[in-house]
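To keep things clear, I will list the structure first and then write my remarks on it.
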Amino acid sequence: MKYIILNNGIEMPIEGYGVFQIQDPKQCEQCVSDAIDVGYRLIDTAAAYFNEEAVGRAVKKSGISREELFITTKLWIQDTGYENTLKAFETSIKKLGFDYLDLYLIHQPFGDYYDSWRAMEKLQREGYIRAIGVCNFSQERLVDLCLNSEITPAINQIEIHPFHQQQSALNIMKEYQVQPEAWGPLSEGQKDIFNNKTLLKIGIKYGKSVAQVILRWQIQQGVVAIPKTVHKKRMKENINIWDFELSEQDMKVISSIDIGHSEIIDYNSTCTAKWLNRWKIHN
Ligand code: NAP
């Protein structure tokens, strides 16, 4: 595994394992145990995934020291605001069963996230969190937060995959030293990505699957990727990307399949803002 250094000097694995949509506690615990067993050290969960306890249990029983693992969880919109954030963090850390967290992210660019950010800055300063960041922040929201915060976000976790490459967002993140992290790194399997002819052709050249080509492309451009799968065989496949390198030409060919927008979620739409704000994770 390779590590990147965040803007506050903290090391983070460049590839990890995500647990979105693995709500069944037993299945999630087993998946995280399998992921740690095959070598993943970064686990990405969220309060809104309803599986923090299962992640915590798997970490505890793994026998791997806590310091070797890098655990991320996220703050939901309903819990934004200063006091709410402090409370939500306490709830998450209790569910995970840890005494500190590696990375805490604002899950959505909605709600009272400036006050949340102040609370997260305090938690980082007090040593409860090693790094703080955001998700799904558009370029202008990210720049605005960077310009109005004491701690610059370490991460912006956004949708990045060959069909939605987000080059201009990546340029802004580079300018502000915010590390990009790809959610949906495999396009959530949409648009039949695993049978995409361009990616299949490149894979054949290197003796690698489409998933491996995509994940290699992600890390070769310095993006942290957190693919999800419930199958141990695929977990192994997805992490087995360290014995080949895509040529500059193949990286260029992959750039050519960008469709330039998301077909998963549209953050520019008011419907998305309404829909996500309606989604409650507790009473
Ligand atoms: P993803 O990782 O792009 O894709 C997951 C899909 O690909 C699943 O259907 C999985 O099926 C399939 N898959 C995985 N590896 C495969 C392989 N080698 N061959 C064939 N199929 C494969 O999508 P994601 O789960 O949405 O994103 C990853 C993580 O990002 C999440 O788990 C979560 O931690 C995070 N995330 C964050 C946000 C946010 O707003 N911050 C949003 C979405 C996701 P099987 O499970 O059946 O193998």
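We're numbering straight along the sequence, starting at 1. Start at 1 and go down the list; that is how both ligands and their atoms are numbered.
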Flag the pair Tyr3 / Phe70 as yes when their ring centroid distance falls below 6.0 Å, and as no otherwise. no
Show the numbers, then the answer: is there a side-chain hydrogen bond (donor to acceptor under 3.5 Å, both in side chains) between Glu175 and Asn171? CA-CA 6 Å; Glu175 187 182 333; Asn171 294 341; over 6 Å; no
Going by heavy atoms in the side chains, are Val32 and Asp34 under 4.5 Å from each other? no
Could you work out the complete set of other residues in the hydrophobic cluster of Trp76, with links drawn between I, L, V, M, F, W and Y side chains under 4.5 Å apart? Phe50, Ile77, Phe110, Trp183, Ile264, Ile265, Tyr267, Trp275, Leu276, Trp279, Ile281
Protein residues having a heavy atom less than 4.0 Å from any atom of ligand 1: Gly18, Val19, Phe20, Asp44, Tyr49, Lys74, His107, Cys135, Asn136, Gln157, Trp183, Gly184, Pro185, Leu186, Ser187, Glu188, Phe194, Ala211, Ile226, Pro227, Lys228, Thr229, Val230, His231, Arg234, Glu237, Asn238
With a distance cut-off below 6.0 Å to the six-membered ring centre and an angular limit of 45° from the axis, does Arg66 pair with Tyr100 as a cation-pi contact? yes
So, Tyr49 versus His107, ring centres under 6.0 angstrom or not? yes
